[in-house]
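Atom set for the values below is all heavy atoms of this structure, side chains included, hydrogens, waters and symmetry mates excluded.
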There are 2 protein chains.
Amino acid sequence: LISLRNIHKTYLLDKVAIQAVRDVCLDIDAGDFICLMGPSGSGKSTILHILGCIEHPSSGNVFIRGENTRTMRDAALSRFRNRHIGFIFQSFNLIPVLNVRENVEFPLVIRGGKFDRDHVESVIRSVGLSDCMAHRPDELSGGQRQRVAIARALVTRPDIILADEPTANLDSKTGGRIIDLLLALNRESGTTFIFSTHNETLSRYARRTIRILDGEIYEAAGAGR
Amino acid sequence: LISLRNIHKTYLLDKVAIQAVRDVCLDIDAGDFICLMGPSGSGKSTILHILGCIEHPSSGNVFIRGENTRTMRDAALSRFRNRHIGFIFQSFNLIPVLNVRENVEFPLVIRGGKFDRDHVESVIRSVGLSDCMAHRPDELSGGQRQRVAIARALVTRPDIILADEPTANLDSKTGGRIIDLLLALNRESGTTFIFSTHNETLSRYARRTIRILDGEIYEAAGAGR
Ligand SMILES: Nc1ncnc2c1ncn2[C@@H]1O[C@H](COP(=O)(O)OP(=O)(O)OP(=O)(O)O)[C@@H](O)[C@H]1O
Ligand SMILES: Nc1ncnc2c1ncn2[C@@H]1O[C@H](COP(=O)(O)OP(=O)(O)OP(=O)(O)O)[C@@H](O)[C@H]1O
Ligand SMILES: [Mg+2]
Ligand SMILES: [Mg+2]
């Protein structure tokens with residue numbers, strides 16, 4: 001479904017080159033449930049952004065369903081991303097002037113056309129925020145904002161969800177419910193999940209666990225495959 | 001050191017009253033190391049903000065060293081806060097246009113007068129960010145931003161540090177180092193700590209653990225006191 005081949009990502013900061021990601025090769029298959037783990041600063045967010053085509057690698061190639069993203073026009077890449085990928089950001093990226101309902105509806109509004117209000121409400125209910133639909137982000141707790149970001153990624157029913165530390169701000173009970181929700185989507189709808197986490201307990205739910213250290217990835221050989 | 005008496009905090013949202021904190025009484029003594037735990041949305045951040053005099057309760061009283069904050073002038077309250085309290089925010093609140101070093105120095109710059117550059121660098125080193133001093137927040141990983149927020153709270157050597165989920169974005173190893181750092185400050189300098197966390201392992205380090213549920217607090221009777 002998504003393939004990374006020899007991906008490098010280097011940031012240049014005052015003439016110092018920071019190698020965030022080094023020679024990463026990774027294959028994601030449809031229906032996968034993958035956990036990405038590693039220390040702070042090791043490159044998890046960078047890899048997720050490259051997988052989601054939100055950021056370009058410095059070198060190497062990204063293949064989406066066999067097609068090289070370098071040969072795709074910007075418009076085609078955006079269309080693919082909007083139709084097939086849902087992203088849960090580490091810092092949420094909610095729109096401050098919109099309330100919970102409007103933030104969750106936003107990707108559907110962007111798509112244009114009518115959308116199902118009941119579906120939006122049911123997604124908001126599934127993350128436990130039915131009582132907060134009129135709140136704006138600054139009127140929510142940290143964990144509530146995280147859940148709005150999660151609901152927003154789910155509402156378009158994407159084929160692939162990239163989740164950057166989706167339970168970091170949640171207590172274990174609420175976090176557990178979110179993971180059950182994602183597992184159910186994976187089982188019942190075949191949604192592909194790649195999530196980064198610092199929580200070892202979470203990795204036990206994943207079919208594959210990929211470790212990352214200083215921009216390089218390691219996968220236990222044959223684990224779960 | 002800080003006392004909360006019958007604290008209520010109610011938010012009004014479209015004529016609906018949200019009781020974030022209900023009738024909370026809490027005494028914090030100098031040198032305490034207190035953990036505040038509870039589900040997402042239960043009121044942890046609100047209580048920390050009230051303890052730090054960043055937010056006013058809807059009713060009830062806050063006493064700082066026996067003095068009722070209601071009788072203190074704004075200027076005196078600000079002065080007390082700047083001199084004695086360090087705050088680590090759940091969403092970091094870093095200044096985007098300043099780099100790591102400048103963000104960490106900021107409270108010292110606000111205070112005026114000369115400050116010790118070596119001290120600033122040693123605090124940055126203690127949170128593991130010596131290699132990132134020239135980065136701006138948008139050039140940092142989530143866990144690196146969290147550590148800048150922590151360093152900034154430590155640099156003024158406050159008597160009281162209020163930490164809102166200080167390790168949420170950190171892997172267990174980095175998070176463990178941060179907690180060791182805070183414990184050392186508590187032991188060696190007598191710094192008082194109150195931190196909220198979702199991490200049960202962290203609560204074992206605390207001398208007192210206070211549970212919160214729907215805005216009401218529960219403390220195990222006699223636990224650690
Ligand atoms: N725009 C940038 N400029 C320079 N360096 C950057 C930039 N963005 C990220 N980095 C660096 O790239 C490295 C990897 O960052 P990344 O955000 O992928 O880490 P992470 O694994 O997600 O960490 P965390 O667990 O703390 O969120 C870090 O060392 C970071 O400082
Ligand atoms: N400005 C506001 N207006 C309305 N309601 C608010 C406002 N700020 C917070 N709340 C509500 O107050 C309650 C407590 O929020 P608080 O941020 O203290 O929770 P928390 O325990 O820190 O949660 P988390 O673990 O998710 O960070 C939540 O239900 C939240 O929706
Ligand atoms: Mg990250
Ligand atoms: Mg909070």
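In this structure, the portion of A:Glu139 lying under 4.5 Å from any heavy atom of chain B is its side chain and not its backbone. Residue A:Leu13 touches chain B through its side chain alone, counting heavy-atom pairs closer than 4.5 Å. Neither the backbone nor the side chain of B:Ser45 comes within less than 4.5 Å of any heavy atom of chain A. Contact of A:Asn169 with chain B is made through backbone and side chain together, with heavy-atom distances under 4.5 Å. For A:Leu140, no part sits under 4.5 Å from any heavy atom of chain B, backbone or side chain. Only the side chain of A:Ser141 comes within contact range of chain B, with at least one heavy atom under 4.5 Å from a heavy atom of that chain. If you measure heavy-atom distances from B:Glu165 to chain A, the contacts under 4.5 Å come from the side chain alone.
Side-chain atoms of B:Asn103 come within 3.5 Å of backbone N or O of B:Leu98 as a donor-acceptor pair.
B:Phe87 places a side-chain heavy atom less than 4.5 Å from the side chain of B:Leu48.
Around atom CZ of B:Phe115, more than 12 heavy atoms belonging to other residues, nucleotides or ligands sit under 6.0 Å away. Counting non-hydrogen atoms of other residues, nucleotides and ligands closer than 6.0 Å to CG of A:Asp74 gives a total of 12 or fewer.
Using the six-membered ring where Trp is involved, B:Phe193 and B:Phe33 have ring planes that are tilted, between 30° and 60° apart.
Side-chain contact, B:His56 with B:Arg70: no donor N or O sits under 3.5 Å from an acceptor N or O.
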